[in-house]
Amino acid sequence: MIERKDVEHVARLTRLALTEAELERMREQLNSILAHLDTLRAVDTEGVPPTSHAVDVVNVMREDEVEPCLSQDAMLANAPDRSGEFFRVPRIIEE
Amino acid sequence: MTAPGPYDVVIGLEVHAQLLTRSKMFCGCPTTFGARPNSQTCPVCQGMPGVLPVVNRRAVEFGIRTALALGCRVNEACRFARKHYYYPDMPKNYQISQYEEPLAEDGVLEIDIDGGPRAIGIQRLHLEEDVGKLLHEGTLETAQASLVDFNRSGVPLMETVSRPELRSPEEAAAYLRAFRAVVVFLGVCDGNMEEGSLRCDANVSLRPRGSARLGTKVEIKNLNSFRNVQRALEFEVRRQAQALDAGERIVQETRLWEADRAYTRSMRSKEYAHDYRYFPEPDLVPLQIDRRWVEEIRTGLPELPRAWRRRVVAQYGLPPYDAEVLTQSRALADYYEAALREWEPAAAAAGDRPKMVSNWIMSELLRVLPGDDERAIQRSPIPPRHLAGLLRLIEDGTISGKIAKDVFQKMFASGEAAPTIVGREGLTQVADEAALSQIIASVMAANPKAIEDFKRGRTAAAKALVGQVMKATGGKANPALVNRLLEDKLSQT
Amino acid sequence: MHRPIHELTDAYRRGDLTPTAVAETYLARIDALDGRVGAYLTVVREQALAAARESELRWRAGAPLGPLDGAPVALKDVLCTVGVRTTCGSKMLESFVPPYDATTVERLRAAGAVILGKTNMDEFAMGSSTEHSAFHPTRNPWDLTRVPGGSSGGSAAAVAGALAAGAFGSDTGGSIRQPAAFCGVVGLKPTYGRVSRYGLIALASSLDQIGPFAQDVTDAALLLGAVAGHDRRDSTSIQAPVPDYSAELRKGIAGLTLGLPDEYFIDGMDPDVERAVRGAIEVLKGLGARVERVSLPTTKHSLAAYYVILPAEASSNLARYDGVKFGLRVPGRDLVEMESRTRAVGFGAEVKRRIMLGTYALSAGYYDAYYGKAQSVRTLVRREFAAAFARVDLIVAPTTPNVAFKHGEKEDPLSMYLNDVFTIPGNLAGIPGISVPCGFGATGLPIGLQLLGRPLDEARVLRAAYAYEQATSWRSRRPDLA
């Protein structure tokens with residue numbers, strides 16, 4: 001069962017500002033989905049390793065070679081707040 | 001330093017080393033320092049939508065090299081994992097790192113401290129990507145905004161975690177120095193703490209003396225020099241001891257070392273701050289580290305600092321202190337041996353030569369070049385064979401030691417060999433007894449008072465006479481000879 | 001003029017049609033009709049015409065780049081296109097203009113394809129109806145009151161509604177196959193790793209694949225062939241060489257064994273769908289295939305496993321959308337406030353729900369119970385398919401349990417998720433799958449037949465689909481949009 005405080009905690013972890021109403025609705029919806037997902041517990045996976053890749057590839061690496069970068073302008077073009085050569089962000093409060 | 005009070009100190013160090021690859025960990029952007037902001041980035045290292053990482057083989061090679069040098073077990077298979085947290089210097093808001101299956105584990109680093117050598121356990125070594133740089137308009141506390149530069153984002157980092165086996169701030173500093181020497185010697189990192197290519201966080205706890213249970217550990221960050229590591233840890237140990245003495249509980253937290261104010265302050269991190277939600281990186285496939293590759297790398301390992309020092313002390317009879325100074329960088333150690341071999345091909349503890357080379361490097365070369373800067377030493381205007389050439393001229397009496405120092409400076413400025421400079425400027429030492437005797441005689445004749453003073457027991461007067469002789473010869477008289485001849489003459493008067 | 005790409009290029013060769021005329025026709029049709037269908041988010045008229053003109057020059061010189069030269073295609077707005085905004089159906093990326101092309105897009109350009117525009121989709125590919133686009137819903141050309149399926153609804157509708165000759169989408173849990181079934185077109189999801197994901201805005205990294213929508217199987221083979229193959233920018237991309245899919249198409253299916261999974265005919269599925277699919281199986285038997293029962297017992301847990309894995313990976317992939325470097329930014333007094341508000345405004349309800357679910361599933365204490373468990377269940381699903389493929393060459397099943405539903409009909413998230421119950425297992429296992437039209441329901445809406453194959457066995461999947469298609473004439477029926 002997800003409690004209200006769990007929902008708030010997760011919302012903070014993932015940087016989502018939810019309204020009171022949204023938090024409550026989210027709690028209900030998550031609980032109902034989780035109830036469905038809890039059916040997984042019934043599956044016997046003793047000794048069954050997890051699949052993290054659906055493809056049997058290993059050892060993909062690249063040589064240590066420099067490749068052309070994109071220009072400063074190209075990389076900053078989508079910046080919501082560009083300050084000269086930098087991305088600008090609002091003040092960071094150490095919590 | 002022992003902890004104030006009846007406590008044992010327990011310290012563990014996490015060291016992050018930026019690897020000297022040409023390109024970044026997961027993309028082909030260059031890793032060079034000091035470029036214009038956001039000019040060494042691409043969609044991958046900026047975490048744009050749709051991009052994917054690809055592992056840099058050389059970073060893995062450097063990791064294996066370091067792991068082997070530290071006696072670690074290189075794992076048969078390793079994986080990358082995502083480590084999630086929000087900070088604007090981290091483009092994807094997760095860092096690609098390693099978690100449950102790191103590159104290597106279970107190594108050891110030997111350190112030398114007052115009490116003797118100690119072996120400090122290394123728990124694990126893994127690879128990850130560096131984050132960008134934040135600049136604050138003002139200080140972090142007062143800034144209304146911050147600026148982000150992603151040039152550094154994606155640079156390969158190698159993280160090494162020691163076991164909590166360091167027992168004092170001194171040992172911690174010694175560990176860091178020894179670690180730095182290893183990675184610099186291996187050529188995998190330039191060990192520059194000021195530029196941030198080597199970074200260190202510490203975990204410190206205290207426990208009642210003799211107790212087996214670990215106390216609450218505090219993480220200390222922002223240790224950006226060897227000195228600060230020691231100072232910060234000393235402060236923190238004192239702080240914790242005082243708190244415990246007063247019956248307080250130590251809070252598990254992260255504290256920042258404020259070098260200017262010489263204290264650690266709490267970063268009031270909330271309880272959930274460290275839920276990194278690790279899971280295996282789905283965009284990267286596992287690495288099965290080929291054993292033959294590991295053995296190839298092992299065969300290519302250079303002699304490491306400690307081994308070099310032991311050998312050099314045994315082989316050439318150098319004092320341990322000298323060996324320590326000379327292993328600031330591999331280039332410096334190589335320089336030493338090259339110069340010595342140039343002079344003494346047999347290169348054994350033959351007389352004074354090993355020590356003379358060492359002295360000249362330590363007192364003269366290191367005055368004009370930074371010993372821990374690989375490139376600077378490699379590009380020294382005085383190559384090892386030139387130094388050897390200079391020392392030969394001193395040994396065979398062609399020039400005096402004092403003149404040699406001048407010649408050294410000229411060699412440094414011009415890149416020329418010693419004989420060229422000595423020949424051109426006529427700096428050859430005057431060692432002709434007859435000529436010197438004459439000069440001494442005339443100096444003595446011109447300074448009767450000095451002779452009087454000397455006879456009355458003021459030995460300083462003799463020095464003045466020597467000075468006069470040196471002046472008369474333009475500094476080129478062989479000092480030992482002058483002293484002997486003057487002594488003879490003075491004793492005859 | 002709406003005909004399959006392979007017929008268009010035949011016409012180009014003969015000089016009966018030109019790429020520019022064809023492009024103009026499609027663009028005009030989009031202008032006239034897309035207001036009602038809503039397939040497109042962005043149309044790149046000038047770019048398309050320029051590409052068409054260049055294609056025309058090549059055809060005139062007798063030097064076409066290949067079988068796609070001059071083919072007008074649409075791309076799901078989940079694929080990055082340089083200089084052309086790529087929204088992923090979300091307000092978060094409404095103004096995002098990528099500085100680079102996805103590999104698939106590069107390869108299409110190199111093949112001479114004429115890109116008409118970017119198509120609508122459920123936001124960040126989360127959905128099965130294209131009702132969750134932040135911009136507008138897409139409507140099914142067969143019945144504008146109904147959904148085209150999702151999340152690649154725009155691409156499916158474009159091909160079905162003759163607003164593009166072919167299209168590309170992405171499939172994470174059925175997002176190509178399901179809309180293909182709903183819209184009566186061919187939709188293919190390749191083996192995981194067969195097509196590069198570089199430039200595909202990620203949803204669930206271990207499940208996503210890019211694939212084509214086509215008017216017929218021949219086109220599907222051509223479109224797949226142009227984009228498949230190893231890409232050194234995608235570490236999960238497979239090295240194995242790409243066969244000539246077209247060459248194998250006509251081999252027929254005599255002697256092939258098809259597996260019919262017990263678990264894919266469920267209570268509550270639309271009886272029309274069941275009837276059409278069983279009818280299709282009879283046709284396949286008539287063409288010489290043997291049909292056997294297979295059992296894939298873990299199928300019933302696939303939905304749950306998927307709805308743990310997907311949100312977990314998606315919550316991670318979407319963490320980067322924070323208003324710092326690109327996309328939407330909603331102001332805040334400090335960084336955390338800015339990020340939290342940006343994400344609250346930029347993401348729709350379904351996206352937020354899945355992000356929350358995924359973050360929870362990965363958080364301290366829950367990893368083993370959810371993500372770890374789901375990935376193990378996934379291993380069981382893979383093993384069951386592998387065991388089945390030891391006995392059969394292909395698995396045949398319905399693509400969806402029902403036909404296209406009405407807009408607004410499935411408000412409850414869970415009931416929406418059930419749309420993907422037959423397609424999800426293929427993603428969990430990473431195997432290739434195709435949906436081909438196999439009939440119509442009582443309401444006149446299309447029904448899809450799904451064929452699943454062994455990893456990297458797209459050639460056989462296409463061949464069986466082709467054989468079925470050629471033995472039937474479903475593709476000659478088209479929606480009447482005008």
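Quick note on labels: first sequence line is chain A, next is B, and so on, each numbered from 1.
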Problem - CZ/B/R291: more than 12 non-hydrogen atoms of other groups inside 6.0 Å - result: yes

Practice task
Mind checking ring-ring contact (aromatic ring centres under 6.0 Å, His included) for C/F124 and listing every partner two or more places apart, or none if nothing turns up?
Solution key: C/Y321, C/F347

Handout entry: Under 4.5 Å from any heavy atom of chain B - which part of C/Q375
Key = neither

Completion exercise
Looking only at C/P99, C/S316, C/A102, C/P98, the option with the highest number of non-hydrogen pairs under 4.5 Å against chain B is C/S316

Exercise for the section: With a 4.5 angstrom heavy-atom cut-off, could you sort out which part of C/S315 is near chain B: side chain, backbone, both or neither? Expected result: neither

Problem - C/L335, part contacting chain B, at a heavy-atom distance under 4.5 Å - result: side chain

Exercise for the section: Among C/V324, C/L318, C/D322, find the residue that satisfies the side chain to side chain contact (heavy atoms under 4.5 Å, CB included) test when tested with B/N93. Expected result: C/D322

Practice task
Among the options C/K325, C/R232, C/E313, pick out the one with the most heavy-atom pairs lying under 4.5 Å from chain B.
Solution key: C/K325

Handout entry: C/D208 portion near chain B, given a 4.5 angstrom heavy-atom threshold
Key = neither

Handout entry: Donor-acceptor side-chain pairing of B/Y94 and C/R320 below 3.5 angstrom
Key = yes

Handout entry: Neighbourhood of chain B inside residues 83-97 of chain C, taking heavy atoms under 4.5 Å as contact
Key = C/L93, C/F96

Exercise for the section: Taking all non-hydrogen atoms of both residues into account, name the closest pair between B/P280 and C/Y371 and its distance. Expected result: CD-CE2, 4.4 Å

Exercise for the section: Return the set of residues passing side-chain hydrogen bond (donor to acceptor under 3.5 Å, both in side chains) with C/R341 (not counting sequence neighbours), or none when no residue passes. Expected result: C/E337

Completion exercise
Okay, B/P43 and chain C: the region with an atom under 4.5 Å from a heavy atom over there is side chain

Practice task
Tell me the residues of residues 190-199 of chain C whose non-hydrogen atoms fall below 4.5 Å from those of chain B, in number order.
Solution key: C/Y192, C/R197, C/Y198, C/G199

